[in-house]
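Below is one structure, written out as structure tokens; the observations come after it.
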Amino acid sequence: MNENHQSKTHVFFSPTKIIVGLNSASQVAQEVKQFGGSRVLIVTDPGVVAANLIAPIASSLKSGNVDYVIYDGVEPEPPSRVIDRGAEVFQSEGCDLVLGVGGGSSLDCAKGISILAVNKGKILDYCGVDQVPKNGTPMILMPTTAGTGSEVTRVLVLTDEEQNTKNVVFTPYALANAAIVDPLLTVSMPPTVTADTGMDAMVHAIETYVSINATVFSDILAERAIALIAENLPIAWAKGSNSRARCNMSLAATLAGMAFGSGGLGAVHALAYPLGTEYHMTHGRTNAIMLPHVMRYNSPGNPAKYARIAELMGRDLEGFALLEAAELAVEAIEDLLDTIRVSCRIKDYGIPEADLPKLAAGGMKQARLFVPNPRDLNEDDVNSIYKEAY
Ligand SMILES: [Fe+2]
């Protein structure tokens with residue numbers, strides 16, 4: 001570690017309680033009661049309902065005599081209206097606890113509904129950092145992917161349809177009372193979803209690890225997440241029913257979420273966003289595409305941390321100078337992407353080269369994420385990273 005941990009203040013945010021383990025979904029009724037819930041609003045999307053992932057949760061709630069109502073109106077990259085509508089349902093149904101079940105979009109909507117249940121108004125009223133006056137209604141979050149880490153972070157991302165932009169609500173009141181991470185809920189993910197969401201978790205761990213905001217807490221969590229994902233993502237991708245690999249991926253995604261929930265992201269997420277908004281590619285896939293190219297650009301800014309990533313991914317650093325060892329981390333990521341059949345070439349996704357300036361302009365709009373990035377970027381740098389990635 002090349003950061004001087006003695007010279008900085010360490011801050012760490014986390015949900016009150018985190019329960020991780022196979023079949024932990026069966027404990028949900030007990031957790032609902034512990035946090036004072038008697039009528040639950042399950043916030044989810046139609047895909048989760050169709051995959052029958054609500055069944056183990058509903059069965060726990062029924063056997064615990066807890067009432068529930070399902071709101072399955074969540075859409076990908078959730079528009080603010082989805083959250084506003086969910087808050088209306090919460091009120092009209094007389095619910096007292098929000099239970100988010102799904103990928104990042106469902107969990108983020110649950111956070112927004114919990115906030116609106118107490119603070120009133122529309123979710124767009126609360127965008128920005130620390131704009132929420134009061135803690136929301138009790139909330140439990142249950143991920144059905146191993147990627148976003150949203151179950152343990154204090155941020156929610158939504159789409160402002162009028163402005164056609166992404167917006168964030170950043171507040172400690174977006175932290176859940178409990179996160180229940182049951183790897184059984186992730187077993188039905190197809191290989192491409194396993195790959196994309198798993199790479200999102202890898203990007204969370206790596207970006208936080210090399211960030212100027214890294215702390216001793218985020219380092220410990222990120223290191224473990226990187227090693228677990230490197231070892232288990234190919235197995236979970238190849239054999240979705242491998243419960244050991246699924247357990248390790250669920251654990252890793254939660255650890256990576258805890259790391260970035262208190263550390264921060266960087267240029268990979270910044271340059272991935274325009275690919276998502278322009279071409280409607282998944283968040284995880286766009287991050288996976290940009291990761292090796294941004295790592296190669298960034299590595300002079302924190303070579304020791306990049307070299308350590310190579311080591312965590314199983315590379316032998318013996319005989320390599322520091323910058324060469326850092327390059328091994330990039331190669332390890334490229335090999336991992338090859339294994340799980342994810343191309344990191346923009347041109348492979350049918351995007352014309354003439355679109356690169358548009359992407360660069362979109363990337364520059366996320367410049368707030370350049371601040372914690374280990375190497376400074378200007379518009380020329382952003383252009384050349386996209387060219388490299390093409
Ligand atoms: Fe992400």
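Ligands are counted one by one from 1 in listed order, and the atoms in each one are counted from 1 as well.
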* When hydrophobic residues are tied together by side-chain contacts of less than 4.5 Å, even through go-betweens, does Ile113 share a cluster with Leu156? -> yes
* If you look at His283, which of its N/O/S atoms is nearest to the Fe ion (ligand 1)? -> NE2
* To do: Could you pull out the atom name of the N/O/S atom in Asp200 that is nearest the Fe ion (ligand 1)?
  => OD1
* Geometric class of the His10/Phe217 ring pair [parallel <30°, tilted 30-60°, perpendicular >60°] -> perpendicular
* Give the name of the N/O/S atom in His269 that lies closest to the Fe ion (ligand 1). => NE2
* Specify whether Tyr273 and His283 have parallel, tilted or perpendicular ring planes, treating 30° as the upper limit for parallel and 60° as the lower limit for perpendicular. => tilted
* To do: Using the ring of Tyr297 (Phe, Tyr or Trp, six-membered ring only), decide whether Arg375 places NZ or CZ under 6.0 Å from its centre and within 45 degrees of its axis.
  => yes
